[in-house]
Number of protein chains: 2
Amino acid sequence: MKAEIIAIGTEILMGQILNTNAQFLAQQLTELGVGHYIQTAIGDNPDRLAAVTKQAEERSDIIIYSGGIGPTRDDLTKQALSAYLDEPLVYDEENLDRVRQDFSRRQATMSDLNQGMSLYFSRGKSLRNPVGQAVGTALVKDGRLYIVLPGFPKEMRAMFLEEGKALIQDFIAGESRQVLTSRYLNYYGLGESQLAESLDDLIQSQENPTIGTYSKNNVLTLRLTASGSDEGTTQGLLDTLEETINDRVGAYYYGQGLDYMPSQALVQTLKTKQKTVSLAESLTGGMAAAAIVDCPGASEIFEGGVVTYSLQAKRDVLGVSTETLDQEGMVSQACAKEMAERCRQLFQTDYALSFTGVAGPDQMEGQDVGTVFIGIAGPDDCQVHRLHLSGQRENIRRSAVHAACLALIQKLN
Amino acid sequence: MKAEIIAIGTEILMGQILNTNAQFLAQQLTELGVGHYIQTAIGDNPDRLAAVTKQAEERSDIIIYSGGIGPTRDDLTKQALSAYLDEPLVYDEENLDRVRQDFSRRQATMSDLNQGMSLYFSRGKSLRNPVGQAVGTALVKDGRLYIVLPGFPKEMRAMFLEEGKALIQDFIAGESRQVLTSRYLNYYGLGESQLAESLDDLIQSQENPTIGTYSKNNVLTLRLTASGSDEGTTQGLLDTLEETINDRVGAYYYGQGLDYMPSQALVQTLKTKQKTVSLAESLTGGMAAAAIVDCPGASEIFEGGVVTYSLQAKRDVLGVSTETLDQEGMVSQACAKEMAERCRQLFQTDYALSFTGVAGPDQMEGQDVGTVFIGIAGPDDCQVHRLHLSGQRENIRRSAVHAACLALIQKLN
């Protein structure tokens, strides 16, 4: 079973808007366990729509369109597809009434173009739009499923989740509908190739559950998707596989969930343990604080932080000793230690994290780009970790934040 | 002359990353006046790359690839294209040396895959990567231009702007080369529809220069593109149009440049005036500091900042008076004023900015979501601006940072 996604809209080709619909639909297809090998974006042009549909039919069983079903003269997706497939369109009278009432309430005049928003394939299905006026439509023809969705991301998402998803599930399942369940496992501290090697046999022999790997800023995510007759079965399959995987690489595991960052894991752990934290940042320049503040519930555990970017600020605001700064330098174990300890005192928190290092592009105090010291001060002691990170300034900073969050979680557990 | 864009990366198909490269390249093609009717995204798969290339050749004169030139086993774009086009690859020895040195400095082992990053078409051109290790490559064959760029957005952008753009210009200009010059004008503080209305006649009648509008986090950008026989002519046309535009909306203008943020404008202004700044952040939680630190040359003008997320931190670390906190609250003009003044003293800077307000999702101290106070303390006085911002937490924070940077620039001028 293969699917593909076709986005329609001249604004996309002009670079005026980002094609976020393709990403959303790609995630949904991945979760549904439907293979998907190509995404296309074209303008509002009937000939081109027919041409890409023809190519899509040679490759795929499910074709999902988004865009071009609104009320402007450019919006021609349903009409173009109707002509290409030789399938008539009819009005969804219920939707038409709803739109008519809306127009009369606003004392606005309804044009032919507005009426067109209620068209759907007469031999197919009208897809309700929970947040807008235009209906989508779906049709099964010659063993293929065609789904037409709106271009507005909010409308597209709502319509897909409420109508499109079930259509795809029915289509792929045939009579005996299967449940599909995904689980995301997150890891930090091991390379992508190291993870792939450790799980090579599992990845090669995957069937049910399937396994996918992703990486971003040194965070590795495994997506496991299981299918079965019911949720109990799929969760059981996922539990077993998760256990096998974490027997091998559990040392690097920090939590479950899509886009689940180490900072979120830290906020959760601190909340559970009822501990507070503060931050002393040099090379990360506020990024660690911003990452914490971005997590729900941060205010319960986060007091605040200092960004001591200059030597003077480290000395005068945070109180790092002149001796340390002169003899050891700003990028040193001793400086990271004092930053964390002083920060903890200043903010009167249970723990404090400190960051000093070289984000680049140039060396500093003879230390290479990517050298980072992280201090973790607690009630009993202060540890310092030395890291060697690679990548651009932004990656080095982001990765340092991840590493520090996970180091503190480890200390807390 | 037609172009198309092919993004390569399984992460895109899995929905793991947004295909922002397509948008950037679409904007660039629009600026260059090159027609562009289709965008495609595929996985790291040589057969599919060959298939879409074959289709692209039937439609287009310029084919731009991004992605799949890194050091993992999946990265096969150059190799796959080499096989399809029957064009040999060779090593860019200069780049290879550079990468080798980098590896030996980090005491890391260089694999065959790492070497592959220096390959390019022997009958074409190697494209230098200003911010990474992998070179791109370009080739003209059978009247078509093929350009291979990295997948990492930062690398792709830099390589396109420094190398790819000129190649396209040369290719489309042939003998009688027209110069195309673009200028980006950035505005903050007026709505997109307000801007469109103010410039309606200019946008409707645009010919040369052309005008495009973009918006992100309340920053509006106008792209003006002029064509002419030489740079003097195009710059003259841009100067005239810029003057006409800024006669109307100049009050909201803050600077020129693609992705030029208010924080960059502030860093530049402070450098020119040789003044320093520090930051006291509550609702922005370190985001303002991170934005400043992200700008080249930040260390010359930025001492540091405090993130005082809790009431205690505002009182104990920054020294905001108990009276103010009790009587006026944390989200108040008085608190913003004291935060900025105390921060300026603490860091001994010429200026200090403070941020306090409600990012949401809930009200605070009876103040609505989006209420933000920004303090600007200087040698002579401390002003406070009250803002009413809309959008998600992230938008409100980002927009507050923009507003504060621009308010300080105004004070400095």
Side-chain angles (χ1 to χ4, degrees), chain A residues 12-20 22-30 36-43 45 48 52 55 192-193 212 214 216 279 281 285-290 292-294 298-299 302-310 312-313 316-317 346-348 368 370 388 390 392 394, chain B residues 11-20 22-30 36-43 45 48 52 55 72 105-106 131-132 154 212 214 279 281 284-290 292-294 298-299 302-310 312-313 316-317 346-348 394:
Chain A
I12 296 172
L13 294 189
M14 303 294 284
Q16 284 164 342
I17 57 168
L18 253 173
N19 186 3
T20 56
Q23 184 184 28
F24 173 82
L25 291 169
Q27 286 172 351
Q28 291 293 323
L29 289 172
T30 303
H36 147 236
Y37 303 114
I38 185 158
Q39 295 169 2
T40 312
I42 54 172
N45 178 306
R48 224 153 283 133
V52 297
Q55 290 170 355
E192 200 170 359
S193 58
Y214 315 97
K216 198 173 172 187
L279 305 168
E281 304 186 57
M287 188 189 265
I292 296 279
V293 165
D294 209 29
S299 57
F302 181 56
E303 283 291 316
V306 283
V307 179
T308 50
Y309 208 56
S310 69
Q312 289 74 18
D316 302 339
V317 178
L346 198 60
F347 285 88
Q348 295 282 307
D368 283 337
H388 298 279
S390 59
Q392 303 297 310
E394 159 98 18
Chain B
E11 313 93 304
I12 296 172
L13 294 190
M14 304 297 281
Q16 187 73 10
I17 58 168
L18 251 174
N19 186 2
T20 56
Q23 184 185 29
F24 174 83
L25 291 169
Q27 287 173 355
Q28 291 292 324
L29 289 172
T30 304
H36 147 239
Y37 304 114
I38 185 158
Q39 295 169 2
T40 311
I42 55 173
N45 178 307
R48 225 152 282 132
V52 297
Q55 290 170 354
T72 79
R105 198 169 48 234
R106 291 189 290 123
V131 289
K154 210 176 254 186
Y214 311 95
L279 305 168
E281 303 187 56
T284 48
M287 188 189 263
I292 296 279
V293 165
D294 207 31
S299 57
F302 181 56
E303 283 292 316
V306 284
V307 179
T308 51
Y309 208 54
S310 69
Q312 289 72 17
D316 301 340
V317 178
L346 198 60
F347 285 88
Q348 295 282 307
E394 160 96 18

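All chains are named by letter (A, B, ...) in the order of the sequence lines, taking the proteins before the strands, and each is independently numbered beginning at 1.
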Heavy-atom side-chain proximity of [X] to [Y] below 4.5 angstrom:
{"X": "A:Leu13", "Y": "B:Gln39", "value": "yes"}
{"X": "A:Ile38", "Y": "B:Val52", "value": "yes"}
{"X": "A:Tyr309", "Y": "B:Val293", "value": "yes"}

Of all of [options], which one pairs up most often with chain A through heavy atoms under 4.5 Å apart?
{"options": "B:Thr284, B:Ile17, B:Asn19", "answer": "B:Ile17"}
{"options": "B:Gln23, B:Gln27, B:Glu11", "answer": "B:Gln23"}
{"options": "B:Gly212, B:Ala41, B:Ala298", "answer": "B:Ala41"}

Winner by heavy-atom pair count (cut-off under 4.5 Å) against chain B, out of [options]:
{"options": "A:Ile42, A:Val306, A:Val317, A:Thr40", "answer": "A:Val317"}
{"options": "A:Gly304, A:Ala22, A:Gly285", "answer": "A:Gly285"}
{"options": "A:Ala290, A:Ala289, A:Ala313, A:Gly305", "answer": "A:Gly305"}

Would you mind checking which part of [X] comes under 4.5 Å of any heavy atom in chain B, side chain (CB onward), backbone (N, CA, C, O), both or neither?
{"X": "A:Asp294", "value": "both"}
{"X": "A:Ile12", "value": "both"}
{"X": "A:Gln55", "value": "side chain"}
{"X": "A:Gln16", "value": "both"}

| Test side-chain hydrogen bond (donor to acceptor under 3.5 Å, both in side chains) applied to A:Ser310 - qualifying residues, sequence neighbours left out |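 side-chain hydrogen bond (donor to acceptor under 3.5 Å, both in side chains) list for A:Ser310, sorted by chain: B:Glu303.
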
| field | Point-to-point distance, once rounded to the nearest 0.5 Å, from OG1 of A:Thr308 to CZ of B:Phe347 | value |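 One gets 7.5 Å once the value is rounded to the nearest 0.5 Å.
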
| task | Please report the closest heavy-atom contact between A:Thr20 and B:Leu18, naming both atoms and the distance. | result |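 Minimum heavy-atom separation between A:Thr20 and B:Leu18: CA-CD2, 3.6 Å.
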
